[in-house]
Every structure is written in C-alpha cells, then in structure tokens.
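What follows is a set of notes on a single structure, which appears directly below.
Computed from a predicted structure; not experimentally measured. Lettering of chains follows the sequences in order, A, B, ..., and the numbering in each one begins at 1. Values below: all heavy atoms of this structure, side chains included; hydrogens, waters and symmetry mates excluded.
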Amino acid sequence: LGTTLTQAVALPVVKNTDGSAITGPAYVYIVQSGTSASLSYPAADTGDKTTAV
Amino acid sequence: VTHRVHLDDVPQVVPAANWSYNADGTAITLTGGFVANDIYEFSYTAKDPTVAGLGFAAVRDWVSWLRYEAQDDNGTRNPLANYITRIYTEISSQPGRMFNDFRKLGFNEDDRGAIGRKVFDGHMQWISAGSGIGMNYRFSQSGRTERNRQEHLYGENLFPFANVRTTDPFTGITASRYDACQLTNTCAFGVEIYSTNEYWVKTASLLHTQPNGSADLADSPFTRNYFMSSMQHGTGNAVSSSATR
C-alpha cells in the first residue's frame, strides 16, 4: 500500500426518535492562528451565544 | 470563548460581541483573529453527534469477515477465504489508542455468535501506551490528543489503563483492559512499546503501576511492556535525531 492511502468512514448522525436533532454540550480547544476555527460539530443555534449547559 | 496565553493563566472571557458563528455553525470567527500559540477554549451547545463508536464495530466486522467468511450477504466472494490463519496489527500512536479501547470494550470477540472466535491474534502497540481514543462517547472528537499544554479535557485517558486488574482510587472500580476478552476467551496478545513521551502525555506509567503509584503491577499473561528510553514519540528528522541521540 502506498503512503498516500487514506481511509475514511462516513458515520451516521444520531437523531431523536421524532427526527429532531440531538443537542448537547461540546468543547473545542483552539491553538492556531487565523481568524476562524472549525467546530467538530455544528452549533445547535447560531443565534445563541451563551455557553453550553 | 476564553483566552489565555499560558497554561497556568486564568482564562479570560472573550466578549460575545468579539466572535461569531459562520452561517452554518461549523466554525467561529474571532475579531482580530486568533494569536498563534495562545490558548482559546470554546464551550457551546452542538447538534448532530455521530455514532463514532461504530468505528470499533467496522474494524471488527471487516477483519472478521476476511478471516472467517466465504462471501458477503450479496454473494461477493472473500478473496482471502481459507488463507488466513493469524492476524496481527502493526500501528503507530493514534490507531494504537483505538486498539487500546477496542480491547477494553471487548471488540476482539467475533460478532457472529461463535464463542471464542477471535478477530485479531495480536497487537504491536507502538507508542500508544495507556491512553484511549474517546470514541464511544456522544460528541466524540477522536482526533484530539492530549499533550503537555493542550487538549486536557477530552475523554482520552480513561481508566482502566493496565492489562491487569487495578482499582481506580477515585471511583473504587476494579477493572483491566483485558476483562472483556477473558470472559469470551478471545484475548489477543499485546506488545506495548512506548517512549518517554508517553509517560508525560499517554499515561504510560499506569500500564505498569498501581493507579496511586504505590507499587508495580504484575505482568499480564497476554502482554509485555517495552520502554524505549530517550526515544521521541516520532522518529524526528536528521537535526532532532542527532540532538537527542
């Protein structure tokens, strides 16, 4: 196998039984330069800037 | 969002007016930008966790199929059918952390109902030591890795750390990474090889001492530990290798 081999998996997203999104507390540690930082999981509400609870 | 320069500094809250989400909520932008090497932490309410723990099952089922099955459910033949007698893994670092939890969670037992059917016979665990991958948790971030000043709060290094039974002094739970496989007679042998780095950030000491540090542990009948003194986590380059030789 070559050194450029990349394996990846597309994992299913969990939903509530009624099909609505599951939400919960998430945390990101950021040590980088630049103006923006990616999140591993999207924000539940981009209009809510309170800390996760 | 909080900001600090040094690990021991008190994190300072960044005013909400100074950061914003992008349109789909997959990134945040900071007014003035992030300062390189400063520490920022962001706590928020996320959505759409993935079933990251399926990764363990995917590894188990794929390898088990190669080893034991003649064809898949669609009739596609296994090109390695009847050719495999033993399966060993050779990894470096992060996938070894995956196999640490793979063993801990009992995934070396084949999932087809046959008692005692192993998936892997042995693992060469290169520089993964006592850590795990934190994959079997909601909002898992398995790409994170704890180092001296970063990423301390992810679910990576979690009890049990050793291949023999120990008791967690905080919870009172007694367990080994090899408990699950012993119940089904499916334990793979393990060769745990690690450098000094793993003593700092991958809980290597807890492979071979009591969790409170009071005594050395007995060897596991399934594994052996090998410490590479003065070696780096990686092989480095010509300059750094020369400097540390």
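The shortest side-chain heavy-atom distance between B:E151 and A:V28 does not fall under the 4.5 Å cut-off. Looking at B:Y154 and A:Y29, their side chains come closer than 4.5 Å, going by heavy atoms from C-beta outward. In this structure, A:I30 and B:F34 have side chains that are in contact, with non-hydrogen atoms separated by less than 4.5 Å. Side-chain contact between A:L39 and B:Y44 is present, with at least one heavy-atom pair separated by less than 4.5 Å. Residues A:Q32 and B:Y40 form no side-chain contact, since every pair of their non-hydrogen atoms from C-beta on lies 4.5 Å or further apart.
Across A:Y41 and B:T50, no two heavy atoms sit closer than the pair OH-OG1, 3.5 Å.
Your options are B:D38, B:T31, B:I39, and the one with the most heavy-atom pairs under 4.5 Å with chain A is B:I39. Chain B forms more heavy-atom pairs under 4.5 Å with one residue of A:A21, A:P12, A:S38 than with any other, namely A:P12. No other option in B:A36, B:G32, B:S20 has as many heavy-atom pairs under 4.5 Å with chain A as B:A36. Of the listed residues (B:R144, B:H152, B:R149, B:H3), the one with the most heavy-atom contacts under 4.5 Å to chain A is B:R144. Contact tally against chain A (heavy-atom pairs below 4.5 Å) for B:I28, B:L153, B:N22, B:L30: the top residue is B:I28. Comparing A:S33, A:S36, A:P42 by heavy-atom pairs within less than 4.5 Å of chain B, the highest count is held by A:P42.
Both the backbone and the side chain of A:V14 have a heavy atom closer than 4.5 Å to some heavy atom of chain B. Interface residue B:A52: backbone and side-chain heavy atoms are both found under 4.5 Å from chain A.
At a cut-off of 3.5 Å, with distance as the only test, a side-chain donor of A:Y27 or B:E41 sits close to an acceptor on the other residue.
Of the possible donor and acceptor atoms, none in the side chain of A:K49 sits under 3.5 Å from a partner among the backbone N and O of B:P15.
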Worked verdict on A:D45 versus B:K47 for salt bridge (charged side-chain N to carboxylate O under 4.0 Å, His left out)
CA-CA 9 Å; A:D45 179 357; B:K47 67 177 181 180; over 6 Å; no
